[in-house]
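See below for the structure under consideration.
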Amino acid sequence: MTEEEEESLKRKVKQVVEGDINEAEILRNGGVNKGAWTAEEDQKLAQVIAIHGAKRWKSIAAKAGLNRCGKSCRLRWLNYLRPNIKRGNISDQEEDLILRLHKLLGNRWSLIAGRLPGRTDNEIKNYWNSHLSKKMNQQSEKERRKGCKRKVNTESREEETSQERENSSNLEYDVDNLFDFSNEGPDLEWMSNFL
DNA sequence: AACAACCTCAACCGCATCAGA
DNA sequence: GTCTGATGCGGTTGAGGTTGT
């Protein structure tokens with residue numbers, strides 16, 4: 001267990017010990033508990049999923065005796081409790097892949113996450129919003145500035161590039177077909193070959 | 001030391017889509 | 001064909017942590 005994981009576990013245990021599950025709060029939310037999950041809730045949820053599988057989330061919530069909606073349980077499982085989840089430290093290779101895939105797919109986080117084993121769509125979305133979007137903005141700002149400098153000699157090049165743009169826009173492909181992963185393993189080979 | 005500003009990320013919300021009755 | 005509940009997805013929020021002044 002990494003230090004990071006250990007710290008987060010300690011925090012959760014503290015929440016339970018200190019009784020952060022506030023019953024008045026639960027009642028205010030119409031009997032549904034909201035907010036941070038406790039270690040106890042995680043444990044209950046994991047146990048029920050181990051027995052009944054990760055489907056019918058509403059009944060999972062009920063079976064686990066959690067005052068949570070099914071959606072909340074599903075999210076918790078997918079983003080946190082599911083086995084083989086990698087946490088933190090997105091590698092350079094992964095970052096590069098995210099950038100390329102985002103260029104290709106836009107904000108289709110679940111598709112992007114599908115190509116990064118152990119990563120969740122939520123994590124990638126967060127990573128993009130907090131790290132990469134800034135990076136991209138800086139990059140495009142740089143390019144914009146460069147573009148201004150070069151403006152003088154672009155007149156003749158303009159015709160050429162508009163032709164290129166037209167050609168590339170003709171290069172349409174069905175992203176959903178392209179990303180039919182049903183027969184593939186979780187390795188990155190496919191993508192590196194493709195890109 | 002105290003406070004503000006900023007950052008990160010877990011969790012929620014609303015909407016779209018799917019599947020079964 | 002349509003209704004309804006379940007599921008999936010992307011956008012957004014807010015608590016807690018970190019950094020700067």
Hydrophobic clusters here meaning ILVMFWY residues chained together by side-chain heavy-atom distances under 4.5 Å, can you tell me if A/L75 and A/L81 are in one?
no

Examine B/dC7: is either OP1 or OP2 under 4.0 Å from a nitrogen or oxygen in the side chain of A/S130? Give yes or no.
no

Can a side chain N or O of A/N129 be found less than 4.0 Å away from OP1 or OP2 on C/dG11?
no

Using a 4.5 Å cut-off on heavy atoms from C-beta on, say whether the side chain of A/R76 contacts that of A/L45.
yes

Whole Å only: how far is the CD atom of A/E41 from the C1' atom of B/dA10?
13 Å

About how many Å separate CD1 of A/I49 and CH2 of A/W77, when rounded to the nearest 0.5 Å?
4.5 Å

As a test of reading the structure: which of C/dG8, B/dC12, B/dC9 is closest to the side chain of A/W57, going by heavy atoms?
C/dG8

Taking atom P of B/dA10 as reference, at what distance in whole Å does atom CZ of A/R119 sit?
11 Å

Using a cut-off of less than 4.0 Å, is there contact between a side-chain N or O of A/R68 and OP1 or OP2 of B/dC12?
yes

Can you tell me the distance, in whole Å, between the CH2 atom of A/W128 and the P atom of C/dG11?
12 Å

Rounded to the Å, how far apart are A/N122 CG and C/dT7 P?
19 Å

Remember a base hit wins even if backbone is also touched, and classify A/G35 as base, sugar-phosphate or nothing at under 4.0 Å, heavy atoms.
sugar-phosphate

Please evaluate residues A/I90 and A/R119 with respect to the criterion side chain to side chain contact (heavy atoms under 4.5 Å, CB included), reporting the C-alpha separation (whole Å), side-chain torsions for both, the decisive distance (0.1 Å), and the verdict.
CA-CA 9 Å; A/I90 299 231; A/R119 301 293 184 187; 4.2 Å; yes

C/dG8, OP1 or OP2 - any side-chain N/O from A/S110 closer than 4.0 Å?
no

Is there a side-chain polar atom (N or O) of A/W109 under 4.0 Å from OP1 or OP2 of C/dG11?
yes

base_contact_polar (B/dA10 base, A/N126 side chain, donor-acceptor, <3.5 Å)
yes

Does A/R82, at its CZ atom, have more than 12 non-hydrogen atoms belonging to other residues, nucleotides or ligands within less than 6.0 Å?
yes

Does B/dA10 have OP1 or OP2 under 4.0 Å away from a side-chain N or O of A/R76?
no

Does the plane of the ring in A/W109 sit parallel, tilted or perpendicular to the ring in A/W128? Use 30° and 60° as the thresholds.
tilted

Show the numbers, then the answer: is there a salt bridge (charged side-chain N to carboxylate O under 4.0 Å, His left out) between A/K86 and A/E94?
CA-CA 12 Å; A/K86 273 193 221 167; A/E94 286 174 313; 3.1 Å; yes

In whole angstrom, give the distance that lies between atom CZ of A/R74 and atom C1' of B/dC13.
13 Å

Length of the line joining A/L78:CG and C/dT7:P, which is rounded to integer Å:
11 Å

Looking only at non-hydrogen atoms, find the nearest pair between A/W57 and A/G70 and report the distance.
CB-O, 3.4 Å

Is any side-chain nitrogen or oxygen of A/K125 closer than 4.0 Å to OP1 or OP2 of C/dG10?
no

In whole angstrom, what separates A/W37's CH2 from B/dC12's C1'?
13 Å

How does protein reach along nucleotides 15-21 of chain B, written 5' to 3' as B (base within reach of a heavy atom under 4.0 Å), S (only sugar-phosphate), or - (no contact)?
B------

Rounding to an integer number of Å, can you tell me how far A/Y127 OH sits from C/dG10 C1'?
20 Å

Base, sugar-phosphate or nothing for A/N107? Non-hydrogen atoms, less than 4.0 Å.
sugar-phosphate

